[in-house]
Participant: 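What follows is a single structure, and I will ask about it in a moment.
Worth knowing before you read on, the calculation uses all heavy atoms, side chains too, and leaves out hydrogens, waters and symmetry mates. Nothing here was measured: the structure is a model prediction, and the numbers come from that model.
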Amino acid sequence: MLKRSQTFLTAALGAILLISLLMSPTSVSACEEPPATLLKLYLGSDLVIIANYKGEKSRITKNDDEYGVEIEIQRELSITEVIKGQKGLKRLVYDDFEYQPKIVEETAEEEFYEHFDYDGLPDAVELRPGQKYLFFFTQQGEKGDYYLTDYYSGVQEMTGQFSIVEKRLRELKTIVDNRENQLPKLTEWLVANIEEPLIRYHGVNDLAESFYSLTYDQEAAGKTDPSVLDQNFSTYTPALARNLTGAQKYRISAVLMNVLQDSWFGVKAKRVDPNLAFMASRWDKSRLAVYGFNSMKSVGRDDFDRKLKMMDFITNVVDDESLSSIYYDYSSLSYQMDRETKKDDPKEAENLKTNIEKRKSLAEDFDKQFRLLYGRNFVSVKDGEQ
């Protein structure tokens with residue numbers, strides 16, 4: 001089964017890493033969706049419950065071929081609390097689906113996305129009998145059967161992070177039920193989520209969608225702001241971005257600066273969430289770009305992986321087509337070189353030597369392009385301009 005992080009990165013690498021080349025957030029819709037956020041799960045669900053997983057009632061093989069086995073499973077739950085939906089519900093049996101591949105091969109594409117992975121993406125949950133979980137369901141069909149709202153995210157672990165998840169869901173329920181000043185309250189709720197490391201992904205992903213609509217979609221930017229939070233509400237609206245106050249922007253920038261320290265200056269460098277970088281750059285571009293560039297120039301000349309993570313951040317912040325193109329070539333070449341060093345082949349060794357010079361040249365091009373943009377106060381340079 002494709003890991004969640006890879007599923008998300010298929011969309012994110014196109015929409016975030018190369019956003020200046022594509023210049024449209026709609027590219028995400030052409031790929032698989034990222035893991036659903038708490039907001040999307042809550043608004044899109046008819047039933048939100050805390051329940052004990054009792055186990056499988058039935059397990060039927062629907063298809064078995066050379067590639068894998070499709071299994072239809074009935075799962076039984078003993079409900080301990082209903083947060084949203086049908087009150088008094090004590091037991092639930094729902095249909096689930098499982099696919100077991102017979103041939104598991106990591107493709108070059110999957111390795112490439114893994115190369116750019118970062119911490120913070122939610123993982124799929126493996127249900128264990130006797131354990132308690134948080135479930136999100138939608139009601140479908142003539143009989144009103146319940147199905148998981150999202151295949152990956154519709155079940156949440158009740159681990160160390162659950163107390164904060166439960167707290168945030170109850171806050172969201174209050175905002176939705178009261179129907180007064182919902183958008184400002186929701187914006188603050190998202191900022192509070194961004195400040196909490198355990199659920200940061202949820203707040204960042206939702207609020208970043210609003211900035212994408214405001215930045216790249218003139219049609220969305222011209223629409224009337226939504227007034228009610230219901231199952232039809234979409235975070236792809238400029239309303240949330242417009243509601244963000246100066247104080248809230250400062251709080252998000254403070255979070256990002258802490259993330260940069262943790263991601264870049266540990267034993268092993270990590271990639272910074274591109275959505276967080278993109279969003280904060282809407283109001284803090286110059287400071288973040290210069291900080292990223294100075295950090296990149298301060299590390300050892302042979303610390304290529306750390307430089308790569310910093311270049312990735314700079315590219316997401318600056319949003320310049322030429323800079324993005326240089327970085328894309330640099331990162332692709334670096335990935336290729338990583339693979340070549342693992343091979344004991346004289347020809348590959350010669351290729352590696354040539355690529356070292358190519359990478360050095362690309363690094364110099366990146367440096368020149370950044371300094372050009374800095375001189376123009378980070379106004380993008382179009383083709384043919386000097």
Participant: Side chains of Tyr330 and Asp365 only: does a donor on one sit below 3.5 Å from an acceptor on the other?
Facilitator: no
Participant: Does this structure show an ion pair linking Glu81 with Arg170, if we count only N-O contacts that are shorter than 4.0 Å?
Facilitator: yes
Participant: I'd like to know if Lys309 and Asp305 make a salt bridge, using a cut-off of under 4.0 Å between side-chain N and carboxylate O.
Facilitator: yes
Participant: Are the ring centres of Phe370 and Phe293 closer than 6.0 Å?
Facilitator: yes
Participant: Report yes if the distance between the aromatic ring centroids of Tyr212 and Phe278 is under 6.0 Å, otherwise no.
Facilitator: yes
Participant: Run through the side-chain heavy atoms of Ile, Leu, Val, Met, Phe, Trp and Tyr, join any pair under 4.5 Å, and report what else lands in Val69's cluster.
Facilitator: Ile71, Ile73
Participant: Would you mind checking if Glu196 and Arg200 are paired as a salt bridge, meaning a charged N to carboxylate O distance below 4.0 Å?
Facilitator: no
Participant: Between Tyr147 and Phe137, does the ring centre distance come in under 6.0 Å?
Facilitator: no
Participant: Please list all pairs passing the salt bridge (Lys or Arg N to Asp or Glu O under 4.0 Å) test where one or both residues lie in residues 124-139, with sequence neighbours left out.
Facilitator: Arg128-Glu157
Participant: Does the separation of the ring centres of Trp283 and Tyr250 fall below 6.0 angstrom?
Facilitator: no
Participant: Please indicate whether Lys54 has more than 12 foreign heavy atoms, meaning atoms of other residues, nucleotides or ligands, lying under 6.0 Å from its NZ.
Facilitator: no
Participant: Is Lys360 salt-bridged to Glu357, cutoff N-O under 4.0 Å?
Facilitator: no
